[in-house]
Amino acid sequence: MNKNSKTTKKSSKHRSKVHPFNRPKRNHANININNNGKKIVKFIENNSDADDENDDYEFVHHQNTKTELKEKANKLLSIRKTLPVYQNKNEIMKYLTENQVTVLIGETGSGKSTQIPQFLLNFFQENKIRGSIAVTQPRRVAAINLATRVASEYGCNIGSYVGYSVRFDNTTSSTTKLKYLTDGMLLRELMMNPTLKEYNTIIIDEAHERTVLTDIILGFLKSLIHKSRPDLKIIVMSATLQAEKFSQFFDNAPILFVEGRKFNVTQYYLKAPSDDIVDSVIRSCVQINQGEQMGDILCFLPGQEEIDKAVTILNKISEIIHKETSVPLMIAYPLYAALPPAKQALVFNRVKGFKRKVIFSTNIAETSVTISGVKFVVDSGLRKVKVWRHQLGLATLLTVPISKASAMQRCGRAGRESEGKCYRLYRTNDYKKLPDQTEPEIARSNVTSPVLMLKKYGVQDIINWTWFENPGKEAIIMGLQELYQLGALDDFGKITKRGEQMSLLPIQPHLSSVLIKASECNCLSEVIDIVSCLSVENLLLNPQPEERDEVNERRLSLCNSGRHYGDLIMLKELFDIYFYDLGKDVASSVERQDWCKELCISYRGFKNVVKIREQLRTYCKWLFDSNSKTFSKKIKKNSINTNIGEDKEDDFYSTPFLNKKFSEDKDKIESILKCFLTGFTKNIAIGMPDRSYRTVTTGETVSVHPSSLLFLNKACPAIMYTEYVFTTKGYARNVSRIELSWLQEIVTNGHAVVKEKVAS
DNA sequence: ACAGGGTGT
């Protein structure tokens, strides 16, 4: 149909409508083209208070001319040459070219993630070796930043020889030879293209972090080199330690050590253990502020509660101390993932004058967020960890001591720019007793999704698969049972058509199953909207205690149906207001931001919801539309190589409110909730006479989480929830009201789990 | 009668 498909694809990326005469009042970028044809982005100064979410950011990649590229690359070359990896280039390359698998231990600042891929790229081009290089990263920003940096070092525009691929943003093209991608993305590619035939080298970076997805990739790679890809080169890159485990897994692959380039950090320990960690952290900050040179302080605390407390206390005492003694004024900032993005951004502000920035952070600052100017680290030695209990179908959130590796990583945050100091709020002996490594995530996770991937890939014996870390028989069997119950596996444990569909959807299996059910129940469009909201973490933010009641009141008054049916229906009502009522053009973005702020909703979160919704609508159309070509053909052509599918409000989806307004359409609401019941049959609790709820699976008591719209509504016959987390007690999150008669329907449809428990 | 560590498709 179109010979011009390449340009069509490219342009679809920037499809968003721009109304030049209706520009938003604030927070916008003004893009001019100067006489070189070079894009210039000027940021207009934010004229409002710094409190709103300035997150209309997009990654703008400048298209430079050849001469500009070359000049820039030449300038960067002198810096590259100082990197330890560059100085050992020949020896490293000797190992990499002579071995199929190499484990490379490079400390921070060694330049491994940027230089090694370039060495290989040059080597392959000089030797006319075909194929491209993939470098995986656990996080999106890392993939984007590395690709951008390497492109300029290499002297090309992003997307030509060097590109990146993360969800919703793909800058690769047919000429791309070096691709930085998230490990989630590489797994998607593996599902579509089981032999990874376009690559000759796969580099797994940050392997020491041991995320579930990295571990799974390692398992796939081992199978690949032993079977269909004996030619595939693999490099496992890790920041110190664990080298032996990687090496042994890949048949004793050689290990290379490259020293890093970082500054010395002196460690201090407590003489006596601390009994109040917030108090100890504050005391340390005050002490540093009195005795040490200028430089900011980064404090690691386990969670939001401790952080908010510490911020309040420090800000109170800091001014008093500053007035009475002539020490810098300390300014405290909180940092955790659930914080609104605009408040998160404040930790990057440089404080001017005789002041010292003090950041109280969760583990987010250990790997995901890097703050410059930090010279002192205060380490509580604690973190929070989510542990999945297979038998209970419940996650527990525990505060636990960190590992030695984690303590070193936290320490390192003080030595990025100059020498630093690290104050550990535990004794030398306590440190010695810490485990060397953090327990790999897969050992404490629900593995339903990995198991589905393996089934989709055609793995027969999952228990004895080439697991890098076997999650254990119990976990695998629970995963298989879940999948069987969701209809993804048949009586013989073989993947069903439904299971294939579930594995192709970019959401957790339970939600995939709900979507498929919805496609059979004429409420797909609505369920996609809700599932999209559920797929964004921290969409509904926690209001500050003083505005909590107000915000809850506003949410309740907006969501007429949510008030009765619960959080899933509330999400749909909120989505409809955001998406349909508030308007879509650039001019109304301010209106939408204000609306989000009033309801304590993340504006950035909702923008993500819209993207996910668009992706899900496209995928569902390909999956369920009988007129459509096969999914994998479509997705290979479109999804991997472009950004988002070509969804328009087309006739595959019925117009949502043709006849009735959603909130008045009782039948629709009930069929939506019944769809969710089929994916979350285990997450049902029955109302008891004493107004508590008991789960149908184990009879445990479960409470409605205070963030739920149903928190104050005490009289539901039964509830269904998408998450069951034990913190101070067992809490149900994303709660919906369920009628007992609906459960009867599920029972008659043959869901044994509910049948037994309801009867007993 | 009152609260969630961090990633990814």
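Lettering of chains follows the sequences in order, A, B, ..., and the numbering in each one begins at 1.
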Classify [X] by what it touches in the nucleic acid, base, sugar-phosphate, or nothing, heavy-atom distance under 4.0 Å.
| X | value |
| --- | --- |
| A:Asn363 | nothing |
| A:Thr211 | nothing |
| A:Ser703 | nothing |
| A:Leu397 | base |
| A:Ile507 | base |
| A:Glu441 | base |

Looking at [N], I'd like to know if its phosphate oxygens (OP1 or OP2) sit under 4.0 Å from a side-chain N or O belonging to [X].
| X | N | answer |
| --- | --- | --- |
| A:Thr182 | B:dT7 | no |
| A:Arg548 | B:dA3 | no |
| A:Thr728 | B:dA3 | yes |

Among [options], the one nearest [X] by side-chain distance:
| X | options | answer |
| --- | --- | --- |
| A:Ile364 | B:dA3, B:dT7, B:dG5 | B:dT7 |
| A:Lys384 | B:dA1, B:dA3, B:dG5 | B:dG5 |
| A:Leu712 | B:dA1, B:dG6, B:dG8 | B:dA1 |
| A:Arg167 | B:dC2, B:dG6, B:dT9 | B:dT9 |
| A:Arg139 | B:dT7, B:dG6, B:dA3 | B:dT7 |

Nucleotide [N], atom [atom2] - distance to [atom1] of [X] in whole Å:
| X | N | atom1 | atom2 | answer |
| --- | --- | --- | --- | --- |
| A:Lys386 | B:dG8 | NZ | C1' | 14 Å |
| A:Ile216 | B:dT7 | CD1 | C1' | 15 Å |
| A:Phe711 | B:dA3 | CZ | C1' | 9 Å |
| A:Asp183 | B:dT9 | CG | P | 9 Å |
| A:Glu206 | B:dG8 | CD | C1' | 15 Å |
| A:Glu537 | B:dA3 | CD | P | 19 Å |
| A:Met185 | B:dT7 | CE | C1' | 15 Å |
| A:Asp215 | B:dG8 | CG | P | 17 Å |

* Asked: If you pin A:Gln508 and A:Glu306 to their nearest nucleotides in DNA chain B, which one's is more 5'?
  -> A:Glu306
* Structure fact -> Note: for A:Pro506 and A:Gln304 on DNA chain B, the residue whose nearest nucleotide lies more 5' is A:Gln304
* Using 4.0 Å as the upper bound for N to carboxylate O, is an ion pair formed by A:Arg555 and A:Glu550? -> no
* **Partner set under side chain to side chain donor-acceptor pair (under 3.5 Å) for A:Asp430, not counting sequence neighbours** => A:Arg427
* To do: Just jot down the salt bridge (charged side-chain N to carboxylate O under 4.0 Å, His left out) partners of A:Lys309, sequence neighbours excluded, or say none.
  => none
* Verify the distance criterion only: is there a donor paired with an acceptor across the side chains of A:Arg410 and A:Asn363 at less than 3.5 Å? => yes
* Can you check whether any acceptor in the base of B:dT9 is under 3.5 Å from a donor in the side chain of A:Arg188, or vice versa? => yes
* Asked: According to the interplanar angle, ranging from 0 to 90°, do the rings of A:Phe246 and A:Phe468 count as parallel (below 30°), tilted (30 to 60°) or perpendicular (above 60°)?
  -> parallel
* **Parallel, tilted or perpendicular: rings of A:His390 and A:Trp388 (30°, 60°)** => perpendicular
